[in-house]
Amino acid sequence: MDEIRVLISEEELDKRIRELGAEISRDYAGKKLHLISVLKGGVFFTCELAKRITIPVTIDFMCVSSYGNETSSSGVVNIVKDLEENIVGKDVMVIEDIVDSGRTLSYLMKILKEREPNTLALCTLLDKPMRRTHPVRVDYTGFDVPDEFIVGYGLDYAQKYRNLPFIGVIES
Ligand code: IMP
Ligand code: MG
């Protein structure tokens with residue numbers, strides 16, 4: 001078993017996600033919001049956030065993966081699972097677990113924008129701003145985190161630890 005140090009507790013996550021839900025509900029008052037949850041890591045955060053949003057919400061899922069060449073500057077990612085519904089004219093918000101280099105999200109936001117939503121926003125639970133190599137506009141952030149390998153609340157290490165109810169760091 002790996003040693004895991006708690007970085008953000010379950011209580012802190014719950015409090016911050018409530019705040020984000022209230023803020024988003026205010027910002028989109030009178031509208032409907034179409035959430036796009038990025039599989040697999042974004043799903044845990046999506047469920048918790050969606051429960052705190054008080055305006056009407058619909059949810060779809062997308063799964064993307066990089067081509068494995070981490071240093072690729074093209075930023076092109078592979079669509080493993082596409083959306084089920086079209087997003088033309090909708091107020092769309094992408095929900096992600098973490099923005100790191102920004103490679104995945106900069107590409108995803110670009111292709112979603114081409115599908116002509118009314119508005120397109122990005123909400124991430126975690127951000128590692130100092131790691132950014134591909135610029136991406138983040139509209140809502142839960143927490144900025146240091147440049148450490150994070151697990152829990154959807155984030156995995158070799159597919160493990162997604163189910164931890166807190167955000168942790170693996171001690172090596
Ligand atoms: P990007 O570098 O911004 O494209 O990050 C892409 C993906 O890498 C994220 O959506 C996560 O799935 C994964 N990732 C980045 N940093 C971490 C981390 O600290 N722990 C676990 N997964 C991470
Ligand atoms: Mg991810």
Side-chain angles (χ1 to χ4, degrees), residues 1-25 33-68 70 77-85 87 92-109 112 121-132 134 136 138-172:
M1 278 301 279
D2 303 293
E3 285 258 352
I4 297 172
R5 166 169 54 88
V6 177
L7 188 67
I8 308 170
S9 71
E10 198 171 353
E11 292 71 28
E12 290 172 287
L13 284 158
D14 186 62
K15 179 169 177 283
R16 182 67 188 125
I17 294 170
R18 280 173 194 276
E19 288 170 2
L20 282 174
E23 190 182 343
I24 290 166
S25 303
L33 190 55
H34 190 63
L35 304 180
I36 295 180
S37 181
V38 183
L39 295 166
K40 303 171 185 166
V43 169
F44 293 73
F45 175 44
T46 304
C47 295
E48 295 308 311
L49 181 66
K51 286 188 278 181
R52 311 296 176 218
I53 296 176
T54 53
I55 58 165
V57 154
T58 50
I59 306 180
D60 204 347
F61 298 90
M62 195 154 178
C63 185
V64 293
S65 74
S66 73
Y67 280 107
E70 291 302 325
V77 296
N78 185 25
I79 298 178
V80 176
K81 182 213 172 296
D82 208 336
L83 300 172
E84 286 180 5
E85 290 156 64
I87 59 170
V92 172
M93 184 176 288
V94 173
I95 312 294
E96 178 58 301
D97 51 0
I98 190 165
V99 183
D100 186 33
S101 70
R103 187 163 163 254
T104 314
L105 264 296
S106 62
Y107 179 75
L108 187 58
M109 297 307 274
L112 291 176
L122 171 60
C123 176
T124 185
L125 178 61
L126 307 174
D127 192 356
K128 284 181 184 168
M130 74 288 281
R131 293 260 305 165
R132 203 75 89 249
H134 294 67
V136 50
V138 181
D139 301 280
Y140 301 92
T141 305
F143 301 88
D144 282 353
V145 288
D147 184 11
E148 293 184 276
F149 197 79
I150 311 285
V151 293
Y153 227 84
L155 290 147
D156 72 301
Y157 169 63
Q159 299 301 326
K160 288 186 296 185
Y161 306 125
R162 291 192 197 275
N163 60 318
L164 294 179
F166 56 86
I167 293 290
V169 174
I170 298 180
E171 306 269 37
S172 43

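FYI, the numbering just counts along the sequence from 1. Nothing here was measured: the structure is a model prediction, and the numbers come from that model.
Across Arg5, Lys128, Arg131, a single residue satisfies salt bridge (charged side-chain N to carboxylate O under 4.0 Å, His left out) together with Glu148, and that is Arg5. The side chain to side chain contact (heavy atoms under 4.5 Å, CB included) test with Ile150 singles out one residue from Leu125, Ile8, Asp97, Leu155, and that residue is Leu155.
Between Tyr161 and Asp2, the closest side-chain pair of non-hydrogen atoms falls below 4.5 Å. Residues Ile87 and Ile36 are in side-chain contact: their nearest non-hydrogen atoms beyond the backbone lie under 4.5 Å apart. Side chains of Val64 and Tyr107 form no contact here, defined as non-hydrogen atoms less than 4.5 Å apart. Here the side chains of Met62 and Val38 are not in contact, with every heavy-atom distance at 4.5 Å or above. Residues Pro146 and Leu7 meet the side-chain proximity criterion, which asks for heavy atoms closer than 4.5 Å.
The distance from the CZ atom of Arg162 to the CZ atom of Phe44 is 7.5 Å, given to the nearest 0.5 Å. Atom CD1 of Ile167 is separated from atom CZ of Phe45 by 10.0 Å, given to the nearest 0.5 angstrom. Atoms OG1 and CG, on Thr124 and Asp139 in that order, are 11.0 Å from each other to the nearest 0.5 Å. A distance of 6.0 Å separates CD1 of Ile95 from CD1 of Ile24, quoted to the nearest 0.5 Å. In this structure, OG on Ser37 lies 10.5 Å from CG on Leu83, to the nearest 0.5 angstrom. In this structure, Ile53 CD1 and Glu23 CD are separated by 11.0 Å, a value rounded to the nearest 0.5 Å.
Checked against side-chain hydrogen bond (donor to acceptor under 3.5 Å, both in side chains), Lys51 has the following partners two or more places apart in sequence or in another chain: Glu48. Considering only residues two or more places apart in sequence or on other chains, Lys15 meets the side-chain hydrogen bond (donor to acceptor under 3.5 Å, both in side chains) condition with Glu19.
A donor-acceptor pair under 3.5 Å links the side-chain atoms of Asp60 to the main chain of Glu84, judged by distance alone. Put simply, the side chain of Arg16 gets close to the backbone of Thr141: a donor and an acceptor are under 3.5 Å apart. Thr54 places no side-chain N or O within donor-acceptor distance of the main-chain N or O of Ser25, the cut-off being under 3.5 Å. No donor-acceptor pair under 3.5 Å is formed between the side chain of Arg132 and the backbone N or O of Gly102.
Of all heavy-atom pairs between Ser106 and His134, the closest is OG-CB, 3.5 Å. Scanning all heavy atoms of the two residues, the minimum distance from Lys81 to Leu39 falls at CD-CD1, 3.9 Å. Heavy-atom minimum distance, Thr104 versus Val77: CA-CG1, 4.0 Å. The nearest pair of heavy atoms linking Ile4 to Gly168 is CG2-CA, 3.9 Å.
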Report task. Please assess Leu108 against Glu96 for the test side-chain contact (heavy atoms from CB on, under 4.5 Å), listing each intermediate value before the final yes or no. Result -> CA-CA 11 Å; Leu108 187 58; Glu96 178 58 301; 6.0 Å; no
**Report entry** Test log, rule side-chain contact (heavy atoms from CB on, under 4.5 Å), inputs Val94 and Met109
**Finding:** CA-CA 8 Å; Val94 173; Met109 297 307 274; 3.7 Å; yes
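Taking a 6.0 Å sphere around OH of Tyr140, one finds it holds more than 12 heavy atoms contributed by other residues, nucleotides or ligands. Heavy atoms from other residues, nucleotides or ligands lying under 6.0 Å from CD of Glu171 number more than 12.
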